[in-house]
Amino acid sequence: MHASRESLRKYGAGPQEPVRALARYLDAERDLGRVAASADTRAAAALLMGACFQQGFLLYFAEGEEAPDHPEPFARDLVRPVLPELLP
């Protein structure tokens, strides 16, 4: 595990990077006034990415590689509970 972490770190990569990228995006949106100043963007990013990862894994586990993508309304349903924390 240590060797894998070190190898990925050299490239600025790893499983934590999508969460960090989403947090940076939410921070930029906060700077523009589109996300609440009090929002915990790191927590919101972790919740959203964690939910997406879990749902993707469950779909793949249940249906395999040929599984269809979740429909767009599914993504909206995952985001909806987090919106009150994010909206100004």
Side-chain angles (χ1 to χ4, degrees):
M1 186 59 78
H2 177 74
S4 294
R5 275 194 305 271
E6 290 305 311
S7 179
L8 290 169
R9 196 171 288 141
K10 291 177 190 176
Y11 301 101
Q16 72 283 359
E17 290 309 314
V19 175
R20 289 179 181 170
L22 180 54
R24 286 192 302 270
Y25 171 78
L26 293 172
D27 288 340
E29 291 294 308
R30 181 175 49 205
D31 293 344
L32 294 171
R34 295 188 284 225
V35 167
S38 62
D40 185 341
T41 56
R42 288 187 182 108
L47 287 167
L48 292 169
M49 293 300 278
C52 290
F53 180 81
Q54 181 200 33
Q55 293 305 308
F57 170 78
L58 292 174
L59 183 63
Y60 179 80
F61 184 84
E63 299 188 33
E65 293 179 22
E66 302 303 317
D69 291 340
H70 283 294
E72 189 173 321
F74 184 79
R76 283 194 296 270
D77 291 343
L78 288 178
V79 172
R80 190 172 289 115
V82 180
L83 285 179
E85 171 68 16
L86 294 175
L87 293 177

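- Closest approach of Ala44 to Val82, counting heavy atoms only: CB-CG1, 3.9 Å.
- Closest heavy-atom contact between Ala45 and Ala23: CB-N, 3.6 Å.
- Residues Leu59 and Pro68 approach most closely at CD2-O, 3.0 Å, considering heavy atoms.
- Grouped with Phe61 in one hydrophobic cluster are Phe57, Leu58, the linkage being side-chain heavy-atom contacts under 4.5 Å among Ile, Leu, Val, Met, Phe, Trp and Tyr residues.
- Nearest heavy atom pair, residue Gly33 against residue Pro88, reads O-CG, 3.4 Å.
- The two residues Gln55 and His70 make their nearest non-hydrogen contact at O-NE2, 3.5 Å.
- Taking CD from Gln16 and CZ from Arg9, the interatomic distance works out to 7.5 Å, rounded to the nearest 0.5 Å.
- Residues that satisfy the side chain to side chain contact (heavy atoms under 4.5 Å, CB included) test with Ala13, not counting sequence neighbours, are Leu8, Tyr11.
- The number of heavy-atom neighbours closer than 6.0 Å to CG of Asp69, taken from other residues, nucleotides and ligands shown, is 12 or below.
- Pairs engaging residues 78-88 under the salt bridge (charged side-chain N to carboxylate O under 4.0 Å, His left out) rule: Asp77-Arg80 [sequence neighbours left out].
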*Can you list the steps and then say if Glu72 with Arg76 is a salt bridge (charged side-chain N to carboxylate O under 4.0 Å, His left out)?*
CA-CA 7 Å; Glu72 189 173 321; Arg76 283 194 296 270; 3.1 Å; yes
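- Nearest approach of Thr41 to Arg30, heavy atoms of both residues: CG2-NH1, 3.7 Å.
- Note on Leu47: it does not cluster hydrophobically with Phe53, by side-chain heavy-atom contacts below 4.5 Å among ILVMFWY residues.
- For Leu83, the side chain to side chain contact (heavy atoms under 4.5 Å, CB included) partners are Val79, Leu87, not counting sequence neighbours.
- With sequence neighbours excluded, no residue satisfies side chain to side chain contact (heavy atoms under 4.5 Å, CB included) with Pro84.
- Cluster membership for Leu78 and Leu22, using ILVMFWY side-chain heavy atoms within less than 4.5 angstrom, is not shared.
- Applying the salt bridge (charged side-chain N to carboxylate O under 4.0 Å, His left out) rule to pairs touching residues 36-65 yields nothing, sequence neighbours excluded.
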